[in-house]
Amino acid sequence: MSLLAAEAQDVLTGLHNRRSFLALLRRQILQANDRQHTLALLVLDIDGFARINGAHGFDFGDKLLRHIGQQLTKVARKQDYAARIGSDRFALVLPRVMNAGHAELAVQKLYRLLDLPFQCDDKRLRVGVTMGVALCPMNASHAEFLLRHAEKALDIARTRGQRSAFSPEGLPSDTIGQFWDIELELDAALERGELSMHYQPKVRVADLRPVGSEALMRWISPSRGFVPPDVFIPVAEQTGQIKKLTVWALNTALRQSARWKHPWGPLSMSVNVPPELVAQHDLPDLVENAIKLWGDADTQLVLEITERSLMDSGHSFAILSRIRELGVQVSIDDFGTGYSCLAYFKDIPVDELKVDRSFVSGLLTEDASAHVTTLIIDLAHRFGLSVAAEGVEDAATLEVLQRSACDTAQGYLFSKALTSVDMERWLAEWPQRAAKAWPGALGGG
């Protein structure tokens, strides 16, 4: 690795840096496609690296990074390439492998080397790592897309509590092409002003008083028209664009809601945050910066996360606790559909549970949905949490939620998601609409 040009070299480890790695990965994939060879990409993360730095110091952490780099070079064949592509993330490019089993051999060889305790001065530490593997052309035939497949496999391994995982079977070629096109278009969509925020009102179930709204991202592409969030959000998550989009959503939602003129006093503003960001140490800083720029005394910011964000409870709880210290509330979206664990409820740093729409839609017709909803409401209240129901579309469902003592609700019964201008108008017109549909609403007769 000493023969690497300075601009291509990671200073600390002597491996390829991220820029050099991406360039050589593109070249190797082109060769693999031309010669019809299989290529494997292995991505490795050090488990708990931030905690290691905190406990043993940054000098120890730097020596550990160099140690990991050395073990990668021991595994690498002459035609392989090792790189450091992030703070504690490494990659190994394996051209001309025979099959997945060949890549698995490299994984196991690397584990045998890394299972030996790391010795540094008088300190001896057993270091855990997690790996993800993707194959070209089975998973992808583009460098960036293959990298994201490998990183997704790493996330899957972490979620399942495994040491390593291979990317699931690749998408059909037409899907890969569509993914690639969406990624390229989405990259400039913000700059072109194609993205906007819409807001779906939330009301208090007891009296239908407006209590807030959920911010929802919308994309109108010049070439595609309306692109559904369930199409472009997963692309943004896999490509790393989701952080930029989430920061933009936070700032836009706070900025626009601060301008609304209405008679309702303080309202909540819920913004969705993906699991990838909940795991990042700088999330509290990003939130605090948005509040400093656009925060308003009449706006209560709420971050909506998924249950998957709590898989590493020790890590995520610490980050969420820092966020709540800023006066921000936390809500678990789609509750009941993920990895619910009663063990964490006594310490859970959240304020609200949102009952998934799949349960709400079945309240009138499915006993199981009604039982689950009642259970969630009772569980939340016992732990001092409020409960929101999403997907409320008819008055009969609302009546069930009222009898069940659900706290807040949102759905087409009250309003679809609205532009900022229309949301301000809805807040002004709601007393008349509510009084007409529900004479007893808002404390009326």
Side-chain angles (χ1 to χ4, degrees), residues 1-10 13-45 68-86 89-113 131-157 164-184 187 235 238-240:
M1 289 298 171
S2 59
L3 297 179
L4 280 175
E7 64 272 13
Q9 188 179 48
D10 174 60
T13 64
L15 304 179
H16 287 274
N17 59 26
R18 184 179 180 88
R19 183 176 180 180
S20 174
F21 157 76
L22 286 172
L24 71 86
L25 181 60
R26 293 186 189 106
R27 291 197 301 271
Q28 290 299 317
I29 285 179
L30 283 175
Q31 291 183 20
N33 291 336
D34 288 342
R35 300 172 186 175
Q36 296 185 333
H37 291 157
T38 299
L39 176 145
L41 173 61
L42 186 156
V43 173
L44 176 152
D45 246 5
I68 297 292
Q70 290 166 2
Q71 305 317 302
L72 277 171
T73 58
K74 290 180 181 178
V75 171
R77 305 164 299 173
K78 287 184 178 181
Q79 67 266 37
D80 298 338
Y81 299 89
R84 182 184 176 208
I85 61 174
R89 179 160 291 190
F90 296 81
L92 187 62
V93 182
L94 305 167
R96 299 193 299 279
V97 296
M98 296 176 62
N99 48 42
H102 199 171
E104 178 66 24
L105 289 175
V107 170
Q108 295 307 320
K109 183 177 180 181
L110 190 51
Y111 271 123
R112 284 195 297 272
L113 290 171
M131 300 187 214
V133 184
L135 301 174
C136 168
M138 285 73 91
N139 297 125
S141 296
H142 295 286
E144 288 80 2
F145 195 34
L146 187 69
L147 175 59
R148 282 149 205 153
H149 264 286
E151 291 177 328
K152 189 68 175 178
L154 190 152
D155 291 339
I156 290 172
S164 64
F166 277 71
S167 175
E169 186 176 348
L171 300 172
S173 58
D174 59 338
T175 304
I176 292 175
Q178 183 185 44
F179 180 105
W180 192 252
D181 292 341
I182 289 176
E183 176 190 351
L184 295 177
D187 195 39
V235 173
Q238 290 191 47
T239 59

- prompt: Counting only N and O atoms by type, is there a donor-acceptor contact under 3.5 Å from the side chain of S20 to the main-chain atoms of N17?
  reply: no
- request: Say whether, by atom type as modelled, one donor and one acceptor occur between the side chain of H149 and the main chain of A134 under 3.5 angstrom.
  value: no
For a quick test of reading the model, state the closest non-hydrogen atom pair linking [X] to [Y] and the distance between them.
X	Y	answer
C136	S141	SG-CA, 4.2 Å
L110	L72	CD2-CD2, 3.6 Å
N139	F145	O-CE2, 4.2 Å
L15	A82	CB-O, 3.7 Å
R77	R96	NH1-O, 3.8 Å
L135	A100	CD1-CB, 3.8 Å

Could you grab the distance from atom [atom1] of [X] to atom [atom2] of [Y], nearest 0.5 Å is fine?
X	Y	atom1	atom2	answer
E151	L146	CD	CG	10.0 Å
I68	T73	CD1	OG1	11.0 Å
L94	Q28	CG	CD	10.5 Å
L154	D45	CG	CG	5.0 Å
L30	R35	CG	CZ	10.5 Å
Q108	R112	CD	CZ	7.0 Å

task: Only one of R84, R19, H16 passes side-chain contact (heavy atoms from CB on, under 4.5 Å) with D10; say which it is.
output: R84
message: Are there over 12 heavy-atom neighbours, none belonging to Q36, within less than 6.0 Å of that residue's CD?
response: no
message: Before you tell me yes or no, could you show the steps for R89 and V43 under side-chain contact (heavy atoms from CB on, under 4.5 Å), namely the whole-Å CA-CA distance, both residues' side-chain angles and the distance that decides it to 0.1 Å?
response: CA-CA 7 Å; R89 179 160 291 190; V43 173; 3.7 Å; yes
- prompt: How far apart are the C-alpha atoms of E144 and R148, what are their side-chain angles, what is the distance that settles it, and do they pass the side-chain contact (heavy atoms from CB on, under 4.5 Å) test?
  reply: CA-CA 6 Å; E144 288 80 2; R148 282 149 205 153; 3.2 Å; yes
message: Is there a side-chain contact between V107 and L42 in this structure, where contact means two heavy atoms from C-beta onward sitting under 4.5 Å apart?
response: yes
query: Any side-chain heavy atom of L39 within less than 4.5 Å of one from L25?
result: yes
